[in-house]
Amino acid sequence: MKLSHIIVLIIIAVGIGIFVSSSENASQYVDFDTALSLAKDGNDNKIHVVGELPRDASGEVMGIEYNPVADANFMAFQLVDEKGKKQRVITSTPPPSMTDFKRSEKVVVIGKYENEQFVVSDILLKCPSKYEENTVAVK
């Protein structure tokens, strides 16, 4: 076997190793029912769930449990996924800005079910102000 063949085989093996290792870290976007089903099947991978924060008639977000004076590393809130299921979500990493969190149009939580609760390690926000067009009134 020539040296060039050995080098090509090593490059292919490294490529396959990179592909396999990166595919294990890729998570999927699912609803809460699918996430619970995956957890019951023994899937420990982190999962993305997209949802909205429930609001009352005046537009205020309901169901946020966060007291930074008592415990700055605990926050729980309700999230309604795209199929309409409401789930209590727990995180030890609250978002840096509660104002942005409450104003967000959509919330993506990344985590997994633990003891029938969805435990989140990361929260991504879609803030409506970032997607609004800046309009300037010209007279």
Side-chain angles (χ1 to χ4, degrees):
M1 187 178 279
K2 292 182 180 179
L3 180 62
S4 62
H5 292 134
I6 294 172
I7 291 172
V8 169
L9 288 174
I10 290 172
I11 290 172
I12 291 172
V14 168
I16 291 172
I18 290 171
F19 177 74
V20 169
S21 66
S22 66
S23 66
E24 290 178 1
N25 293 332
S27 63
Q28 48 189 307
Y29 284 80
V30 298
D31 57 71
F32 284 122
D33 287 334
T34 305
L36 183 59
S37 168
L38 290 170
K40 287 182 177 177
D41 290 341
N43 186 340
D44 285 341
N45 292 334
K46 291 182 179 177
I47 295 171
H48 290 72
V49 177
V50 180
E52 296 179 2
L53 301 171
R55 299 178 189 278
D56 63 12
S58 64
E60 293 295 318
V61 176
M62 302 181 306
I64 295 178
E65 303 167 33
Y66 180 56
N67 185 352
V69 176
D71 186 0
N73 295 322
F74 176 82
M75 182 175 137
F77 58 97
Q78 301 287 322
L79 187 68
V80 180
D81 69 10
E82 293 184 331
K83 290 191 174 179
K85 180 178 181 178
K86 186 186 288 185
Q87 173 70 48
R88 184 173 188 249
V89 175
I90 298 172
T91 184
S92 61
T93 55
S97 169
M98 288 304 290
T99 303
D100 288 344
F101 180 73
K102 291 177 180 178
R103 290 180 52 205
S104 63
E105 184 176 291
K106 295 272 187 184
V107 177
V108 178
V109 291
I110 304 168
K112 60 185 176 182
Y113 271 96
E114 294 178 8
N115 300 325
E116 303 292 327
Q117 293 186 333
F118 198 77
V119 179
V120 172
S121 59
D122 293 308
I123 301 172
L124 307 175
L125 306 175
K126 179 180 178 186
C127 187
S129 64
K130 292 182 180 178
Y131 301 99
E132 291 176 355
E133 291 185 25
N134 292 332
T135 56
V136 177
V138 179
K139 294 183 179 181

Sub-4.5 Å side-chain heavy-atom contact between Phe77 and Lys102: no
Under 4.0 Å between a side-chain nitrogen and a carboxylate oxygen: does that hold for Lys106 and Glu52? yes
Whether the side chain of Ser104 engages the backbone of Val107 through a donor-acceptor N/O pair (distance < 3.5 Å, no angle test) should be reported. no
Can you tell me how far the CD1 atom of Ile16 sits from the CD1 atom of Ile11, to the nearest 0.5 Å? 12.5 Å
Considering all heavy atoms of both residues, which atom of Phe101 and which atom of Leu53 are nearest to each other, and what is their separation? O-CD1, 3.3 Å
Within the structure provided, determine whether Ile47 and Lys112 are in side-chain contact (heavy-atom separation under 4.5 Å). no
Do the side chains of Leu79 and Gln87 get nearer than 4.5 Å, heavy atoms only? no
So CD of Gln78 and CZ of Arg55: to nearest 0.5 Å the spacing works out to 14.0 Å
Would you mind reporting whether Ile64 and Met98 have side-chain heavy atoms less than 4.5 Å apart? yes
Please determine whether residues Val119 and Ile123 belong to a single hydrophobic cluster, defined as Ile, Leu, Val, Met, Phe, Trp and Tyr linked transitively by side-chain heavy-atom distances below 4.5 Å. no
Heavy-atom pair of closest approach, residues Asp81 and Phe32: OD2-N, 2.9 Å
Give a yes or no on whether Lys83 atom NZ has more than 12 heavy-atom contacts from other residues, nucleotides or ligands under 6.0 Å away. no
Which atoms form the tightest heavy-atom contact between Pro94 and Ala72, and what is the distance? CG-O, 3.4 Å
Once you round to the nearest 0.5 Å, how far does CZ of Arg88 lie from CZ of Phe118? 14.0 Å
Taking every heavy atom of Ser97 against every heavy atom of Asp100, the minimum-distance pair comes out as OG-N, 3.1 Å
Is it true that Leu125 and Val120 fall in one hydrophobic cluster, defined by side-chain heavy atoms closer than 4.5 Å? yes
Ignoring hydrogens, what is the shortest heavy-atom contact between Thr93 and Ser121? Give both atom names and the distance. OG1-O, 3.2 Å
Quick one: CD1 on Ile7 to CD1 on Ile12, what's the gap to the nearest 0.5 Å? 12.5 Å
Is it true that Asp33 and Lys85 make a salt bridge, defined as a side-chain N closer than 4.0 Å to a carboxylate O? yes
Leu9-Val14 co-clustered via ILVMFWY side chain contacts under 4.5 Å: yes
Between Thr91 and Met75 (side chain of the first, backbone of the second, donor and acceptor by atom type, cut-off under 3.5 Å), is there such a pair? no
Verify the cluster assignment for Val89 and Tyr66: are they in a single hydrophobic cluster under the rule of side-chain heavy atoms below 4.5 Å apart? yes
Within the 4.5 Å heavy-atom criterion, are Asn67 and Asp71 side-chain neighbours or not? no
Between Ile90 and Phe74, which heavy-atom pair has the shortest distance, and what is it? CG2-CE1, 3.6 Å
